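Here's the structure, in structure tokens; my notes come after.
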Amino acid sequence: MIIKPEVFEDQFVPRQLPHRDGKVEQLSRALNPALRGERPLDVLLTGPSGVGKTVLARHTIGRLQEQTAVHRTYIRCLGLEARGILRTALRKHPGGPKAVAEDATTEALRNELRDCVDGPYILVLDEADGLPDTAALDHLDRIPEISTVIICHDVEDWQARLGNSTTRFRSDDTVRLERYTVDELADILEIRVREGLSGTVPRKRLEHISDTVAGVARDGIQTLKAAVERAQEQGRSELTDDDVEDGYERARTRIRTSNLYSLPFHHHLLYAIIHSAGEIKAGALHDRYEAAEDRYRGRDLMPLTPRARRSKLSKLKRYGLIDWTGDSRHRVYRVQDEAIAPQISIESVSA
DNA sequence: TATCCACCGGAATTTATGGAAG
DNA sequence: CTTCCATAAATTCCGGTGGATA
């Protein structure tokens with residue numbers, strides 16, 4: 001029985017981070033100058049998705065704030081450009097203005113930010129892979145009190161991106177997180193069980209979950225939650241292996257559904273055609289797409305030529321939404337998970 | 001078994017968009 | 001305001017692929 005749903009939410013920051021002691025310590029060391037009122041070091045925090053990069057940053061900075069008054073702001077970079085970063089950094093700073101003008105230029109924002117920071121200010125740039133360029137960093141570079149914790153997936157990609165940019169945010173320190181082992185992740189799940197559920201779950205079952213999700217903590221926690229929900233629906237208090245397998249499917253479906261919904265119309269149309277066909281050969285897919293081009297009426301997008309469609313199909317595959325077998329003109333497309341319903345209906349082209 | 005050809009995907013090129021500079 | 005520049009997305013071009021066809 002779930003008694004504290006928040007324990008299973010992505011934003012939940014646990015009081016303890018098992019098996020991350022060394023990483024917490026490393027990050028703390030970099031940030032500790034703040035205890036003396038000095039500027040913390042810049043840190044690059046990397047690792048695959050779902051292994052606790054954001055949680056590590058929140059947890060460690062949270063502890064720092066218990067010891068000293070230091071300002072910090074979390075910014076999810078996805079979809080933001082330099083202006084958006086500066087605006088958020090300014091708006092969330094305690095000494096910042098109540099409202100920031102909509103049309104303020106990047107320079108104006110930067111100057112205003114520089115004038116209001118009065119001590120160490122830590123910016124956590126989450127999902128920094130999503131930044132279009134280094135412009136944001138180049139601006140922040142000119143405000144001496146600001147330091148950064150940059151969270152991204154791949155160090156090499158990130159450094160290549162910095163390229164010839166002269167920013168000082170080349171990171172004094174890099175904290176790398178890896179996937180958890182089965183045992184480690186089971187420990188983490190045990191804590192969630194203790195804090196969020198009314199009953200207990202046998203260790204073996206938690207290890208089964210950990211193994212199923214291959215050490216990705218976020219998936220493990222979501223799978224645990226979905227498995228418990230399933231058992232609850234069926235009036236059982238104990239988890240079975242089937243609950244775990246089904247919970248994993250549900251968790252994956254949720255993630256993929258949100259993946260699909262985040263994509264533009266092109267992808268939705270292609271996905272809807274494949275979903276309604278079940279299996280569809282390349283030629284037929286392109287024919288139906290062309291037959292459905294009237295769907296673009298009233299949108300500010302234009303139908304794509306075949307080459308661009310292929311790019312969208314590749315993306316759908318990367319997102320775990322479709323799959324295919326065969327090659328060249330004999331390729332057959334299909335959806336990976338029937339349970340993920342398309343957002344648009346394509347009755348008119350399903351014939 | 002040689003050729004055909006519809007589709008694939010890398011690479012170069014064009015187009016659209018938005019910010020910065022003058 | 002215009003011009004310039006950078007970037008991303010889409011198109012154009014084209015060699016590669018492999019089951020179908022004769």
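Quick caveat, the model's predicted, so the values are computed rather than measured.
- Side chain to side chain, A/Ser258 and A/Arg254 fail the donor-acceptor criterion of an N or O pair below 3.5 Å.
- The separation between A/Phe265 atom CZ and C/dA9 atom P is 18 Å, rounded to whole Å.
- In this structure, A/His330 atom NE2 and C/dT17 atom P are separated by 14 Å, rounded to whole Å.
- Taking all atoms of both residues into account, the shortest heavy-atom contact from A/Arg331 to A/Gly326 is NE-O, 3.5 Å.
- Contact between the side-chain N/O atoms of A/Thr305 and the OP1/OP2 oxygens of C/dA10 is not found at any separation under 4.0 Å.
- In this structure, A/Tyr333 does not reach the B/dC7 phosphate: none of its side-chain N or O atoms is under 4.0 Å from OP1 or OP2.
- Using a 4.0 Å cut-off between charged side-chain N and carboxylate O, A/Asp337 and A/Arg334 make no salt bridge.
- Regarding A/Asp327, its CG atom lies at a distance of 6 Å from the P atom of B/dG9, rounded to whole Å.
- Contact of A/Arg307 with B/dG10 (side chain to base): a donor-acceptor pair of N or O atoms is detected under 3.5 Å.
- Within the 4.0 Å cut-off from OP1 or OP2 of B/dG9, at least one side-chain nitrogen or oxygen of A/Arg331 is found.
- Across C/dG19, C/dT17, C/dA10, the shortest atom-to-atom separation from the side chain of A/Leu304 is found for C/dA10.
- Following rounding to the nearest Å, A/Trp324 (CH2) and C/dT17 (C1') show an atom-to-atom distance of 15 Å.
- Distance A/Asp287 CG to B/dA6 C1': 11 Å, rounded to the nearest Å.
- In this structure, of C/dG18, B/dG9, C/dT11, it is B/dG9 that holds the atom nearest to the side chain of A/Arg310.
- Closest to the side chain of A/Arg329, out of B/dC8, C/dA10, B/dA6, is B/dA6.
- Side-chain atoms of A/Tyr271 come within 3.5 Å of backbone atoms of A/Ile340 as a donor-acceptor pair (strictly under, hydrogens ignored).
- Residue-level contact check: A/Lys312 touches the backbone only, with heavy atoms under 4.0 Å from sugar-phosphate atoms and none from bases.
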Under the criterion salt bridge (charged side-chain N to carboxylate O under 4.0 Å, His left out), I'd like the reasoning laid out for A/Glu9 against A/Lys4: C-alpha separation, chi angles, the key distance, then a yes or no. CA-CA 10 Å; A/Glu9 277 168 24; A/Lys4 272 191 171 180; over 6 Å; no
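- When the side-chain nitrogen and oxygen atoms of A/His286 are compared with OP1 and OP2 of B/dC8, one or more of them lie within a distance under 4.0 Å.
- Contact annotation for A/Pro303: backbone-only contact, meaning every heavy-atom pair under 4.0 Å involves sugar-phosphate atoms and none involves a base.
- Whole-Å rounding puts the A/Arg309 CZ to C/dT11 C1' distance at 12 Å.
- A/Lys315 places its NZ atom 10 Å from the P atom of C/dA10, with the value rounded to the nearest Å.
- When the P atom of B/dT17 is taken as reference, atom CG of A/Asp300 falls 9 Å away, rounded to whole Å.
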